[in-house]
Every structure is written in C-alpha cells, then in structure tokens.
Amino acid sequence: MELVLQSPVGAGTVVYQWPLASGEGQGKRDGASDILETIRWVYEDFPELKLPLENNVLTDFDANSYESMKTLCDKFNRAIHSMVVMCKGTTVQKVSNNPSRGLLRHILQQVYNQAVSDPEKLNQYGPFSPEVYGETSFDLVCQIIDTINITDDDVFVDLGSGVGQVVLQLAASTPCKLCLGVEKADIPSMYAESMNVNFRKWMGWYGKRYGSYELIKGDFLHEEHRDKIVSATILFANNFAFGPSVDHQLKERFADLKDGTRIVSSKSFCPLNFRITDRNLSDIGTIMRVSEIQSLCGSVSWTGKPVSFYLHVIDRTKLEHYFERLKNTKGNSRSNGENTGDDG
Ligand SMILES: CC(=O)NCCCCNc1ncnc2c1ncn2[C@@H]1O[C@H](CN(CCCNC(=O)Nc2ccc(C(C)(C)C)cc2)C(C)C)[C@@H](O)[C@H]1O
C-alpha cells in the first residue's frame with residue numbers, strides 16, 4: 001500500500017510506502033507530518049490552490065489511518081490536477097527559481113529523513129549534527145550567506161562536507177557557479193550519494209532551481225584535490241576539531257588563493273590581532289584580514305556559549321603596505337621593522 005503526491009509543476013509523483021516511517025530518533029519527523037508539511041509548502045507556493053483545497057482538509061485527518069491519509073492525498077492531487085489543467089493555457093511557472101528559505105529547510109529535512117536510513121551510523125552528536133541540521137546549522141549558514149556577498153563568479157567548497165547539507169543549501173540559495181563538498185569517510189559519503197539523488201528528485205518535484213554542485217568522496221588534503229581548494233573563492237571549514245597538521249596543510253594551500261577569496265571557519269586560521277613583523281613574514285596572517293562574527297540565531301555551541309565564526313579575506317595589499325612602510329622608514333634608524341607593524 002502506498003500514498004502518492006502529484007508534483008505542482010507536473011514533474012511526476014513522489015510515493016510514500018505505507019505504513020509511514022514513525023518519528024523515532026532525534027529530530028526525525030514521521031512520514032505523516034512530512035506529507036502534511038509538503039502539502040502545506042506547495043499550498044504556500046501556489047496560492048491558486050487555496051480554492052480547490054478546502055482549508056479544513058489539512059486539519060481533520062487521522063495520521064494512523066491509511067484511508068484518511070489516502071483521502072488527504074487524493075484531495076491534494078485533484079487540486080493539483082485542476083490547477084495544472086487550468087494553467088495549461090497560461091505559462092505554468094516555466095522559469096523555476098530558488099526555493100524560499102523556509103521551503104529549503106523543509107526540503108533538506110525531508111531529503112535527509114529519506115536518504116539517511118540509520119542516522120546512528122553517522123555517530124555525530126551535538127547541536128551541529130546532521131540529524132538536527134534544520135534547527136542550528138541552517139540558520140548559521142543563512143547568516144553567513146547574508147554576511148558575505150556571493151555572485152555567479154564564485155566557486156564554493158565545503159572542506160569535510162559530511163552528508164552534504166551545507167553544499168546543497170549553498171547550491172539552492174546562492175548564485176555560485178559551482179558548489180563542491182569533499183568528504184573522506186565511507187558512511188557519510190555513502191549517505192551523501194543518496195542525499196544527492198533525493199535532493200534532485202525533490203527539487204524537480206517542487207519545480208525549484210539550484211546551481212551545479214558535486215559531493216566528492218576523498219581527503220581534501222590529497223594532491224588530486226589541491227586545485228579544487230586553490231581555485232575556490234569561498235571556502236567553509238568547520239575546523240574546530242581539525243588537528244594542527246590538517247590546519248597547517250590547509251594554510252599551505254590557502255597561500256595560493258586569489259585575493260578577495262573568503263574563508264569562513266569555526267576556529268580562526270590566524271590570531272585576530274595578527275600584526276606583520278620581520279619575524280612572522282611567512283605566516284598566513286600576512287595575506288588575510290580576519291574578523292570574528294557572532295551568530296545571530298540562538299544556536300549555542302556545546303559549551304552553551306553563543307557560537308561565533310571567523311571570516312578571513314585574502315588580501316595581499318596588507319603585505320605590500322608593510323614593505324612600503326619599511327622602505328619609507330629605511331632611511332632613519334629604526335631598522336628592526338618592529339615599529340612598522342601593518343595597519344591591520
Ligand atoms: C593527509 C591527512 O592528514 N589526512 C587526514 C585527513 C584529515 C583532513 N581531510 C579530510 N578530508 C575530507 N573530509 C574530512 C577530512 N577531515 C574531516 N573530514 C570530514 O568532515 C566531516 C565533519 N565536517 C562537518 C560535516 C558537515 N559540514 C559542515 O558542517 N560544514 C560547515 C562548514 C562551516 C561552517 C561554519 C562556516 C558555520 C563554521 C558550518 C558548517 C566538519 C566538522 C569538518 C566528517 O564527516 C569528516 O569525515
């Protein structure tokens with residue numbers, strides 16, 4: 001026995017097997033509320049549905065009765081059918097656009113629920129686990145997208161992308177010409193594959209647009225991926241738990257990034273008050289400006305402190321200014337460069 005929902009843009013159907021998934025597990029939503037939320041979001045997106053769908057249909061149903069859920073889906077499908085038929089004459093939303101943030105949060109949740117059959121295998125806990133992505137990371141990533149200006153010249157890379165939620169969110173809500181995620185572990189990479197398949201299915205069903213993206217299995221420090229890092233213009237690194245060796249090898253790659261490239265991370269790659277001296281000229285801090293950003297959303301880290309993240313912008317003029325000042329002050333006695341700290 002199954003339940004079927006028609007696509008509001010005539011892109012086919014999605015099928016739910018009965019009995020529906022129950023809502024066990026943290027953050028997991030049961031199948032019935034997934035169907036209800038999906039209908040509600042389509043309703044939101046297509047106001048013309050308000051007429052054919054009596055508004056009480058979304059309230060009086062019994063999630064445990066197949067008949068009741070089937071009736072609900074049939075009413076929705078009939079409303080969709082009449083809308084698609086009516087719009088046959090006019091242009092049914094030909095040009096598809098990006099989903100609203102609310103809809104994208106719902107889609108990422110629904111794609112995760114259907115792609116990750118056994119979340120226990122991910123053994124990632126804490127407030128930023130993939131299981132509760134919609135409650136914390138989603139808003140944080142929205143804030144970052146609002147903070148940094150993103151254009152269609154940008155290439156995004158998530159260093160250690162897990163099941164791929166951040167990459168999917170960037171691809172569906174920014175004009176990046178390409179979004180990449182690199183993940184080395186087998187389990188998250190396997191789930192990232194089904195996240196990818198499910199995401200494309202649902203985005204097509206809702207008729208929503210997203211940019212090119214790829215979820216890659218591999219170690220981002222391997223030589224074969226060096227080029228992906230050095231040609232990126234926006235990099236995310238949730239590097240809080242990266243060891244000194246990983247950080248060091250990443251900085252070596254950051255030295256080749258283009259000016260203007262942004263790196264956003266959960267731990268800064270150089271001190272916030274870094275000042276160039278003649279003893280730290282090979283530090284990565286000489287070519288980047290760093291700032292700390294407090295997270296607006298209530299999400300707190302596991303220590304209960306408000307979460308902050310670090311924005312680094314590659315800017316080699318910092319180093320140029322240092323050497324100009326050095327040259328200008330060459331004449332007088334101060335030769336140790338000590339007092340010609342950069343202007344930050
Ligand atoms: C040669 C050598 O030393 N090799 C050792 C390998 C270590 C480094 N290489 C890695 N390569 C590929 N994937 C690796 C390697 N290190 C570890 N991961 C994976 O990262 C995943 C964890 N990810 C999170 C997955 C989901 N993506 C996010 O949460 N992204 C994200 C990014 C930034 C932010 C902000 C901007 C707000 C800070 C928020 C979220 C983070 C914590 C790193 C795990 O699945 C790891 O397997």
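What you see is a predicted model, and the numbers here were worked out from it, not measured in a lab. As the structure lists them, so they are numbered: ligands from 1, and atoms in each ligand from 1.
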| message | Starting from Val313, can I reach Ile148 by hopping between I/L/V/M/F/W/Y residues whose side chains sit under 4.5 Å apart? | response | yes

| query | Does Lys208 reach the main-chain N or O of Asn97 with its side chain, forming a donor-acceptor pair under 3.5 Å? | reply | no

When you pair each N or O of ligand 1 with protein N or O atoms, which pairs come out under 3.5 Å?
unit_1   : atom_1 : unit_2 : atom_2 : d
ligand 1 : 4 (N)  : Asp219 : OD2    : 2.7
ligand 1 : 9 (N)  : Asp219 : OD1    : 3.0
ligand 1 : 11 (N) : Phe220 : N      : 3.1
ligand 1 : 13 (N) : Lys184 : N      : 3.2
ligand 1 : 20 (O) : Gly160 : O      : 3.3
ligand 1 : 23 (N) : Gly160 : O      : 2.9
ligand 1 : 27 (N) : Asp158 : OD2    : 3.3
ligand 1 : 29 (O) : Asn238 : ND2    : 3.4
ligand 1 : 30 (N) : Asp158 : OD1    : 3.3
ligand 1 : 30 (N) : Asp158 : OD2    : 3.2
ligand 1 : 45 (O) : Glu183 : OE1    : 2.7
ligand 1 : 45 (O) : Glu183 : OE2    : 3.1
ligand 1 : 47 (O) : Glu183 : OE2    : 2.7

| said: For the backbone of Gln294 and the side chain of Ser308, can you confirm whether one donor and one acceptor N or O come within less than 3.5 Å of each other? | reply: no

| query | Tyr213 ring centre to Arg200 NZ or CZ under 6.0 Å, with the angle to the axis within 45°? | reply | yes

| said: Restricting to non-hydrogen atoms, name the atom on Ile287 and the atom on Phe254 that form the minimum distance, rounded to 0.1 Å. | reply: CD1-O, 4.2 Å

| request: Establish, from distance only, whether the side-chain atoms of Arg275 and Tyr322 form a donor-acceptor pair under 3.5 Å. | output: no

